[in-house]
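The figures that follow rest on heavy atoms only: side chains count, while hydrogens, waters and symmetry mates do not.
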Amino acid sequence: MSYLMNTYARQPVAFVRGEGVWLWDEAGDKYMDALAGVAVNGLGHAHPKLAAALCEQARTLIHTSNHYEIPLQEELAERLCRLSGMDKVFFCNSGCEANEAAIKLARLYGHQKGITTPTIIVMEKSFHGRTMATLTATGNRKVQAGFEPLLTGFARVPYNDVEAVRQVAEHNQEVVAILVEPIQGEGGVNIPDEEYLGALRRICDDKGWLLMLDEVQTGIGRTGTWFGFQHTTLLPDVIASAKGLGSGMPIGACLARGAAAEVFQPGNHGSTFGGNPLACAAGLATLRIIEEDGLLANASRTGGEIEAGLKRELDGVTGIRQIRSLGMMIGIELDRPCGELVKLAREQHLLINVTADNVVRLVPPLVMTSEEAALLVAGLGPLIRAFLGGT
């Protein structure tokens with residue numbers, strides 16, 4: 001560790017192998033993984049079909065660059081467009097790069113309309129990444145501190161507050177887009193009102209703005225649909241995707257439709273590694289396995305079982321504010337900071353996460369079975385109960 005920059009408060013455990021929802025550390029101890037690499041390992045660990053696809057591609061061709069056509073990239077782009085309703089895709093390597101591409105696209109879209117200072121409406125408690133643009137768009141002062149001066153061109157409003165967006169629309173003629181998460185992940189698994197995204201869509205239609213959805217955490221089956229917005233009837237103009245798209249292989253994608261899909265031209269944006277053959281093989285295998293193994297339905301069913309089980313286990317416990325979920329994206333909000341639960345759970349060989357100081361976040365692999373979900377509830381419920389002083 002002495003040669004690594006001190007950017008992470010790492011937990012004192014190292015894992016050497018995995019299978020499904022399980023990980024094993026250097027001592028051979030077995031852990032249930034309810035974090036899935038922070039919503040990345042949707043297929044779990046060491047999925048045989050994914051491993052086979054990666055091995056085959058690595059033996060064939062790993063990287064050439066975007067100076068040349070890449071058939072697997074074209075195939076994955078077509079598949080993503082058919083699943084999302086979008087028209088075109090730009091490939092990159094991560095979620096923040098996908099959001100960065102969306103921000104650049106929105107600014108260029110604004111300039112092409114003659115707007116001098118294109119502005120994007122973003123939300124409080126949001127998280128979009130750690131590059132300078134995505135950090136500025138993020139609604140968390142703690143992660144921005146020390147990196148000033150931040151960028152201009154963003155207007156921030158409360159999440160799930162349509163009227164606040166209307167107020168900005170009334171007073172700011174430079175707005176070109178809204179960037180919003182269908183569910184805020186890092187912000188505390190905040191699920192908006194059912195009509196929220198639809199109302200934003202109508203405002204964007206009225207004003208000629210782009211509706212840009214950060215689906216980095218909610219996409220690729222996490223909520224029980226391919227993308228989080230598909231729990232509604234709307235279509236966004238731009239989608240940022242990553243995390244679960246490669247099941248652990250670094251890949252991101254910025255998808256767009258209509259006028260937004262035509263904004264970028266050669267030289268406007270690019271990526272050295274984005275969409276290389278190995279990453280696209282991972283993406284194609286991931287989508288195929290999710291479909292073949294029925295993992296969208298499994299995410300909905302098993303996620304619902306986890307939520308219901310936790311509500312039963314924690315019913316009447318003082319200190320539980322709310323348990324909320326959509327598919328395999330589950331938040332347990334407490335009335336006090338609860339970071340200590342990460343350590344307590346790890347000591348019981350259960351891997352979880354706490355975000356927004358007081359929300360236990362569960363984003364387990366989409367392959368989790370009902371039996372494993374019951375084990376998760378049986379392990380986590382008593383821990384939270386004891387932490388809160390319940391019996």
Is it the case that more than 12 heavy atoms not belonging to [X] sit under 6.0 Å from its [atom1] atom?
| X | atom1 | value |
| --- | --- | --- |
| E194 | CD | no |
| R301 | CZ | yes |
| R130 | CZ | no |
| E69 | CD | no |
| E19 | CD | no |

Step-by-step salt bridge (charged side-chain N to carboxylate O under 4.0 Å, His left out) determination, E291 to R288: CA-CA 5 Å; E291 189 168 58; R288 182 175 64 253; over 6 Å; no
Residues E75, R79: salt bridge by 4.0 Å N-O rule: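 A salt bridge is absent here (no side-chain N lies under 4.0 Å from a carboxylate O).
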Ionic contact status for D315 with K311, cut-off 4.0 Å: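 A salt bridge is absent here (no side-chain N lies under 4.0 Å from a carboxylate O).
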Spacing of D33 atom CG and L351 atom CG [to the nearest 0.5 Å]: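 It comes to 5.0 Å.
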Spacing of CE belonging to M249 relative to CG belonging to N276, to within rounding of 0.5 Å: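 It is 6.5 Å, given to the nearest 0.5 Å.
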[Y] side chain reached by [X] side chain, heavy atoms, under 4.5 Å:
| X | Y | value |
| --- | --- | --- |
| D237 | W209 | no |
| L234 | P236 | yes |
| I220 | F227 | yes |
| Q348 | L380 | no |
| L295 | L43 | yes |
| V189 | S325 | no |
| S271 | F91 | no |
| Q144 | N140 | no |

Side-chain donor-acceptor pair present, E181, S126, cut-off under 3.5 Å: no
Residues H231 and T223: side-chain donor-acceptor under 3.5 angstrom: yes
Short question: side chain of [X], backbone of [Y] - any donor-acceptor pair under 3.5 Å?
| X | Y | answer |
| --- | --- | --- |
| K125 | N190 | no |
| R222 | G327 | no |
| H171 | Q167 | yes |
| H47 | A51 | no |
| N298 | M368 | yes |

L150 and M132: CA distance, side-chain angles, deciding distance, side chain to side chain contact (heavy atoms under 4.5 Å, CB included) verdict: CA-CA 7 Å; L150 300 176; M132 284 308 299; 4.1 Å; yes
I352/L362 under side chain to side chain contact (heavy atoms under 4.5 Å, CB included): CA gap, chis, key distance, verdict: CA-CA 6 Å; I352 63 169; L362 305 175; 3.6 Å; yes
N/O donor to acceptor pairs below 3.5 angstrom from side-chain atoms of residues 330-344, sequence neighbours left out:
residue, atom, partner, partner atom, Å
E333, OE1, R324, NH1, 2.7
E333, OE1, R324, NH2, 3.1
K343, NZ, E347, OE2, 2.5

Intermediate values then yes/no, side chain to side chain contact (heavy atoms under 4.5 Å, CB included), T136 and V122: CA-CA 9 Å; T136 303; V122 292; over 6 Å; no
Criterion salt bridge (charged side-chain N to carboxylate O under 4.0 Å, His left out) on K104 and E100, from CA distance to verdict: CA-CA 6 Å; K104 287 183 68 176; E100 188 87 13; over 6 Å; no
ILVMFWY cluster, L54 and L61 together (side-chain gap under 4.5 Å): no
Cluster overlap I239 with L108, hydrophobic side-chain contacts below 4.5 Å: no
From CA spacing to verdict: side chain to side chain contact (heavy atoms under 4.5 Å, CB included), L287, L80: CA-CA 9 Å; L287 300 181; L80 286 169; 4.0 Å; yes
R166: salt bridge (Lys or Arg N to Asp or Glu O under 4.0 Å) partners, not counting sequence neighbours: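 For R166, the residues satisfying salt bridge (Lys or Arg N to Asp or Glu O under 4.0 Å) (neighbours in sequence not counted) are E163.
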How are the rings of [X] and [Y] set to each other: parallel, tilted or perpendicular (split at 30° and 60°)?
| X | Y | value |
| --- | --- | --- |
| F273 | H63 | tilted |
| Y31 | H349 | tilted |
| H269 | F90 | tilted |

Pair up each side-chain donor or acceptor in residues 210-218 with any protein partner under 3.5 Å, not counting sequence neighbours, and list the distances.
residue, atom, partner, partner atom, Å
D214, OD1, V216, N, 3.0
D214, OD2, N99, ND2, 3.0
D214, OD2, H128, ND1, 2.8
E215, OE1, T218, OG1, 2.5
E215, OE1, G228, N, 2.7
E215, OE2, G228, N, 3.0
E215, OE2, F229, N, 2.9
Q217, OE1, R361, NH1, 3.0

Closest non-hydrogen atom pair, C92 against E97: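 Residues C92 and E97, closest heavy atoms: CB-OE1, 3.4 Å.
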